[in-house]
Amino acid sequence: MKIFLIGMMGSGKSFWAKKLAKKWKLGGYDLDFLIESNEEKSIAEIFEEDGEAYFRKVESKLLYWFAEKKAFFLATGGGTPCFNNNIEWMNKQGITIWINEPIEILVKRLLPEKEHRPLIKHLSDQELHIFLSKKLAERTAYYQQAKYTLNAGSITDTGFHQILQENG
């Protein structure tokens, strides 16, 4: 079972990958963490020093490494599905789940983390809301290609359990 968690930054992909991996006794990975380990610098440093195009190339390369693995939960970056046909690739490889949290929840979660996130680092609180709304509008076409979507009320152990049971 190969599970790819997609969604906006702050939607809980890393949290759920870790929690579900433990519960289902599978590997749990965070793509951004793997990128930082591989590049030996933070995502923010990669964006600043090498640019987004370079970051997206590295991101896809590490994503495709998961073709070799048999079973896992992978928290992707918020933009991962939107570049290099990654959403199509993930759908062919396994199960994609869009964690679709409302903008208000994302803003609340991201405010304390702004400094560590290159795309929102310099935004005011109001600008963050506008930015996330625009990003979600840009990315929805990709996110909607996920095999499953969990919306606010169904982003629970039970919601994930139902999907995994169907595919298990």
Exercise. Is it the case that one hydrophobic cluster holds both Y142 and F83, taking links as side-chain heavy atoms less than 4.5 Å apart, direct or via other members?
Worked result: no
For this session: Say whether I6 and V58 are linked into one hydrophobic cluster, either directly or through other cluster members, by side-chain heavy-atom distances under 4.5 angstrom.
Result: yes
For this session: Measure the CD1-CG distance between I130 and L123 for me, rounded to the nearest 0.5 Å.
Result: 9.5 Å
Seminar exercise, completed: Taken to the nearest 0.5 Å, the spacing of E68 CD from Q93 CD works out to 9.0 Å
Exercise. Do the rings of Y29 and W65 sit parallel, tilted or perpendicular, given the 30° and 60° boundaries?
Worked result: perpendicular
Exercise. Is the NZ atom of K41 crowded by more than 12 outside heavy atoms at less than 6.0 Å?
Worked result: yes
Exercise. So, does Y143 use its side chain to make a donor-acceptor pair with the main chain of G78 at under 3.5 Å?
Worked result: yes
Problem set entry | E48 vs K121, side-chain contact (heavy atoms from CB on, under 4.5 Å): CA-CA, chis, key distance, verdict | CA-CA 12 Å; E48 287 171 22; K121 189 176 180 176; 3.4 Å; yes
Exercise. If you look at every heavy atom in I97 and I163, which pair is closest and at what distance?
Worked result: CD1-CG2, 3.9 Å
Exercise. Would L74 and F160 show up in the same hydrophobic cluster when neighbours are defined by side-chain heavy atoms closer than 4.5 Å?
Worked result: no
Exercise. Rounded to the nearest 0.5 Å, how far apart are CG of L119 and CE of M9?
Worked result: 4.5 Å
Problem set entry | Between CD1 on residue I3 and CH2 on residue W16, distance to nearest 0.5 Å | 14.0 Å
Exercise. Going by heavy atoms in the side chains, are Y148 and E166 under 4.5 Å from each other?
Worked result: yes
Problem set entry | Sidechain-backbone polar pair: N91 side chain, Q145 backbone, donor-acceptor under 3.5 Å | yes
Problem set entry | ILVMFWY network linking M1 to L150, side-chain heavy atoms under 4.5 angstrom | yes
Problem set entry | Neighbour count above 12 (heavy atom, 6.0 Å) for F131 CZ | yes
Exercise. Hey, what's the ring geometry for F72 with F4, parallel, tilted or perpendicular (30° and 60° as the breaks)?
Worked result: perpendicular
Exercise. So, do F15 and R109 sit near enough that their side-chain heavy atoms are less than 4.5 Å apart?
Worked result: no
Seminar exercise, completed: Scanning both residues in full, the closest heavy-atom pair of V107 with L132 reads CG2-CD1, 3.7 Å
For this session: Could you check if a side-chain atom of T140 sits within less than 4.5 angstrom of a side-chain atom of W98, using non-hydrogen atoms only?
Result: yes
Problem set entry | Atom of M90, atom of T80 and distance for their closest heavy-atom approach | CE-CG2, 4.5 Å
Problem set entry | Verdict with supporting geometry, L34 and F66, side-chain contact (heavy atoms from CB on, under 4.5 Å) | CA-CA 12 Å; L34 293 173; F66 281 87; 3.6 Å; yes
Exercise. Could R56 and E52 be called an ion pair, given the rule that one side-chain N must be under 4.0 Å from one carboxylate O?
Worked result: yes
Exercise. How are the rings of W89 and Y64 set to each other: parallel, tilted or perpendicular (split at 30° and 60°)?
Worked result: tilted
Exercise. Can you name the side-chain contact (heavy atoms from CB on, under 4.5 Å) partners of D30, sequence neighbours left out?
Worked result: S14, D32, F33, A75
Exercise. Taking the inter-plane angle between the rings of F55 and F47 on a 0 to 90° scale, is it parallel (under 30°), tilted (30 to 60°) or perpendicular (over 60°)?
Worked result: tilted
Exercise. If you take all heavy atoms of L63 and L31, which pair is closest and at what distance?
Worked result: N-CD1, 4.0 Å
Exercise. Looking at CG of L106 and CG of L136, how far apart are the two atoms once the value is rounded to the nearest 0.5 Å?
Worked result: 7.5 Å
For this session: Please check if the side chain of T96 supplies one atom and the backbone of K147 the other of a donor-acceptor pair under 3.5 Å.
Result: yes
For this session: Only counting residues at least two apart or in another chain, list the ones meeting side-chain contact (heavy atoms from CB on, under 4.5 Å) with T156.
Result: T158
For this session: Check the pair K22, F73 against side-chain contact (heavy atoms from CB on, under 4.5 Å), reporting the backbone distance first and the verdict last.
Result: CA-CA 10 Å; K22 188 175 182 180; F73 289 91; over 6 Å; no
Exercise. Taking the side chain as C-beta and beyond, is there a heavy-atom pair between K114 and D125 under 4.5 Å?
Worked result: yes
Seminar exercise, completed: Between P102 and A152 the two heavy atoms that sit nearest each other are CD-CB, 3.8 Å
Problem set entry | Any donor-acceptor pair under 3.5 Å from E36 side chain to I43 backbone | yes
Exercise. Distance from M8 atom CE to I99 atom CD1, nearest 0.5 Å?
Worked result: 13.0 Å
Exercise. Are D157 and K19 close enough, and set up right, to give a side-chain contact (heavy atoms from CB on, under 4.5 Å), and what steps lead you there?
Worked result: CA-CA 9 Å; D157 286 323; K19 183 174 183 173; 3.2 Å; yes
Exercise. Among the clusters formed by ILVMFWY side chains lying less than 4.5 Å apart, do L128 and I103 turn up in the same one?
Worked result: yes
For this session: Applying salt bridge (Lys or Arg N to Asp or Glu O under 4.0 Å), name anything that partners K2, two or more places apart in sequence or on another chain.
Result: none
